[in-house]
Amino acid sequence: MLNPADARLAAMLPEGVLRPLEPRHLDEPRGYHAGQGGLLAAPRSVEEVAAVVRACAAARVGIVPRGGGTGLVAGSVMPVGPLPLVLSLERMAGICGLWPEEDVLIAESGATLSQVQDAARTVGRQFPLTLASQGTAQLGGILSTNAGGTAVLRWGNARALCLGVEAVLPDGSVLRDLRRLRKDNTGYAISDLLVGAEGTLGIITAASLRLAPVPQAVATAMLAVPDPAAALRLLALVQGDMAGCVTAFELISGQGLSFLSETLPEIRQPLPGAPWSVLLELSLPRGCDPAAMAEALLVRALEEGLASDAILAQSGAQASEFWSLREHLPVANRRIGAISSHDISLSLSEIPRFIADAGAMLAAMGDMRVNCFGHLGDGNLHYNVFPAPGRDRAEYAALRPRVQEAVHEMVVARGGSFSAEHGVGRLKAADLARWGDPARLAAMRAIKAALDPLGIMNPGAVLALPEPGGGPISGG
């Protein structure tokens, strides 16, 4: 059993690390869950983080790491159980080093994604991971959840862009693995294990990151496609003709455009009324004519019946408009109010049948609308279910667990994942316990027990705690 973070623990902490615990440290973006905490520690160095962890281990107090608070699976809020210590790295936000000739940057975990991107630009490079929340999402949280974003198709998830980490392990020891090497086959990849562990195995305090050259030319286009199957054929065409240059390939449903019209009419829609749309971005090297190459692709798509209409951005401002539409889809969703939201991934060939079958299944369950959109190029869909027009999501409270279970069950049955890029947190811990591979779950529990035998690191996240000591949170 864990103890609460109280005055006894406070007396054990380094001077100057405690700060007032504010409401922003206990909330989560969708407002489904309210966290709790006894103390807030904001260390200024890895040595202070280590001292805080050692004190928590000695007092057997749970630690909930807090980044920018943009996560959607309750990984940084602990609604039940003994009051934890909330650990924020917001005071550790430095850029520690830049090696443009190596395409490497080292930054502390409290740096926001925007700060990392800006630092890379000062030396003519880019950090190619992009998120809508990049102004507030912090590097530690991004790595701990192995976040994805819109450019995974080209650059991979956060883990693929991380060369190594510095981290404090549950016993207070410091893992110093901030190397800048591309090749290092000297045993277990501990840094890779900590990335995606959601703070359950240690606290990432800094990371060595891969940078990339800035593309010399970018082409952005939107295409109206008849259905997801046509979108996948279009993806194959584009990747065949432009291998290595496809940065993003986003699928947008007509329902999403309707939600934008309803809640954000000021957002300009290049292809209003399209049943399905694709937002395509190409990043090209010096010497290419982006307009000519993109136009040739669009003409082929139209001629082969893969698209009924297409618009190529004629300026950076117009390209930003296209991306603004995509980035405002979640905003429109929040204004409508979802019954259940799902962050899923499937093998590409399974996607068209899943969308059709899941839609038919939900129609049989009740009067609901579906906004399906996301990163089609890497198989990640945001499959969100909404009330019928004129109805409120509160009317569907009894149906919500059935909807979530039915969607996730269909995904798992097709070899997919019920958590594509947002992590497991506490929200999906029960789903992992139910559908996770038994051998994989056993290995995860063994690793957790070996590294964190006291169970102080983000209790209840990823691996559910037994009832009644803070079991999994229900929800979508």
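Values in this document were obtained by computation on a predicted structure and should not be read as measured data.
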Determine whether a donor-acceptor pair (N or O, by modelled atom type, separation under 3.5 Å) exists between the side chain of Ser45 and the backbone of Glu48.
yes
Below 4.5 Å, heavy atoms only, C-beta onward: do Asp177 and Glu166 meet side chain to side chain?
no
Do side-chain atoms of Arg154 reach the backbone of Val246 as a donor and acceptor pair under 3.5 angstrom?
no
Aromatic plane relationship, His382 with Phe373 - under 30° parallel, 30 to 60° tilted, over 60° perpendicular:
tilted
Yes or no on salt bridge (Lys or Arg N to Asp or Glu O under 4.0 Å) for Asp184 and Arg179, after CA distance, side-chain angles and deciding distance?
CA-CA 9 Å; Asp184 178 19; Arg179 286 175 287 186; 2.9 Å; yes
Distance (rounded to the nearest 0.5 Å) between Ser208 OG and Leu178 CG:
6.5 Å
Hey, are Lys448 and Asp452 close enough for a salt bridge, meaning a charged N less than 4.0 Å from a carboxylate O?
yes
What pair of heavy atoms forms the shortest contact from Gln36 to Val80, and how long is it?
NE2-C, 3.0 Å
Is it true that Arg400 and Glu405 have a side-chain N and a carboxylate O under 4.0 angstrom from each other?
no
Using modelled atom types only, decide if a donor and an acceptor are shared between the side chain of Thr145 and the backbone of Gly141 within a distance under 3.5 Å.
yes
Are Arg426 and Asn458 close enough that a side-chain donor and a side-chain acceptor fall under 3.5 Å?
yes
Less than 4.5 Å apart, any side-chain heavy atom of Ser417 and any of Ile344?
no
Checking the side chain of Ser109 only, and the main-chain atoms of Ile204 only, is there a donor and an acceptor separated by less than 3.5 Å?
yes
For Leu143 against Val195, the heavy-atom pair lying closest together
O-CG1, 3.2 Å
Counting N and O atoms only, with roles assigned by atom type, does the side chain of Glu421 sit under 3.5 Å from a partner on the main chain of Gly149, one being a donor and the other an acceptor?
yes
Asp392 side-chain N/O to Glu395 backbone N/O, donor-acceptor pair under 3.5 Å
no
Can you confirm if the aromatic rings of Phe386 and Phe259 lie within a centre distance of less than 6.0 Å?
yes
What closest approach, in Å, do Leu427 and Ala74 show between heavy atoms, and which atom pair accounts for it?
N-CB, 4.3 Å
Can you confirm whether the side chains of Glu198 and Thr200 place a donor and an acceptor under 3.5 Å from each other?
no
Is there a side-chain contact between Pro14 and Val17 (heavy atoms, below 4.5 Å)?
yes
Looking at Glu409 and Arg434, is any side-chain nitrogen of the basic one under 4.0 Å from a carboxylate oxygen of the acidic one?
yes
Test side chain to side chain contact (heavy atoms under 4.5 Å, CB included) on Leu201 and Ile447 and set out the steps.
CA-CA 8 Å; Leu201 301 177; Ile447 292 168; 4.0 Å; yes
Which residues pass the side-chain hydrogen bond (donor to acceptor under 3.5 Å, both in side chains) test with Gln134, sequence neighbours left out?
Gln117
Assert yes or no for the condition that the ring centre distance of His342 to His422 is strictly below 6.0 Å.
no
Do Leu376 and Leu232 have side chains that get closer than 4.5 Å, going by heavy atoms?
yes
Test side chain to side chain contact (heavy atoms under 4.5 Å, CB included) applied to Val168 and Arg54, step by step
CA-CA 10 Å; Val168 176; Arg54 284 195 297 269; over 6 Å; no
One should read off an interatomic distance between Arg369 CZ and Ile336 CD1, to the nearest 0.5 angstrom, of 5.5 Å
Under 3.5 Å side-chain donor-acceptor pair for Thr247 and Ser283:
yes
Crowded around Arg182 CZ? As in, over 12 foreign heavy atoms under 6.0 Å?
yes
If I compare all heavy atoms of Gly148 with all of Asn157, which pair ends up nearest, and what's the gap?
CA-OD1, 3.9 Å
For Glu15, does the CD atom sit with more than 12 other heavy atoms under 6.0 Å from it, leaving out its own atoms?
no
Exam field: side chain Glu108 to backbone Ala93, donor-acceptor pair closer than 3.5 Å:
yes
Roughly how far apart are Leu346 CG and Arg353 CZ, rounded to 0.5 Å?
10.5 Å
Is there a donor-acceptor pair closer than 3.5 Å between any side-chain N or O of Ser191 and the backbone N or O of Val165?
yes
If you define the side chain from C-beta out and look only at heavy atoms, does anything of Val407 sit under 4.5 Å from Met410?
no
Let's go through Ile456 and Val61 carefully: what are the C-alpha distance in whole Å and the side-chain angles of both, what is the deciding distance for side chain to side chain contact (heavy atoms under 4.5 Å, CB included) to 0.1 Å, and is it a yes or a no?
CA-CA 6 Å; Ile456 65 170; Val61 171; over 6 Å; no
Do Thr150 and Thr130 have a side chain donor and acceptor closer than 3.5 Å?
yes
Can you tell me if Ser261 and Gln269 form a side-chain donor-acceptor pair at under 3.5 Å?
yes
Do you know which two heavy atoms are closest between Ala111 and Val116, and how far apart they sit?
CB-CG2, 4.2 Å
For the residue pair Ser340 and Gln404, confirm or rule out a side-chain donor-acceptor distance under 3.5 Å.
no
Enter the distance from Leu454:CG to Asp171:CG here, rounded to the nearest 0.5 Å.
9.5 Å
Taking side chain as C-beta onward, heavy atoms only, is Asp343 less than 4.5 Å from Leu72?
no
Do the side chain of His25 and the main chain of Leu21 share a donor and acceptor less than 3.5 angstrom apart?
no
Below 4.5 Å, heavy atoms only, C-beta onward: do Asn384 and Val370 meet side chain to side chain?
no
Can you name the closest pair of heavy atoms from Gly337 and Pro387 and give their distance?
O-CD, 3.2 Å
Taking atom CG of Asp6 and atom CG of Leu39, what is their separation to the nearest 0.5 Å?
7.0 Å
If we ignore hydrogens and angles and just use 3.5 Å, is the side chain of Ser133 paired with the main-chain N or O of Thr136 as donor and acceptor?
no
Please report the C-alpha distance between Arg24 and Glu90 in whole Å, then the side-chain angles of each, then the deciding distance to 0.1 Å, and finally whether the salt bridge (Lys or Arg N to Asp or Glu O under 4.0 Å) criterion is met.
CA-CA 13 Å; Arg24 67 185 176 93; Glu90 59 192 333; 3.3 Å; yes
Could you walk me through whether Trp323 and Glu281 pass side chain to side chain contact (heavy atoms under 4.5 Å, CB included), step by step?
CA-CA 10 Å; Trp323 277 109; Glu281 183 175 279; 2.9 Å; yes
Is Arg125 salt-bridged to Asp103, cutoff N-O under 4.0 Å?
yes
Would you tell me whether Ser345 and Asn380 have side-chain atoms, one donor and one acceptor, within less than 3.5 Å of each other?
no
OG-OH distance between Ser253 and Tyr383, expressed to the nearest 0.5 angstrom:
10.0 Å
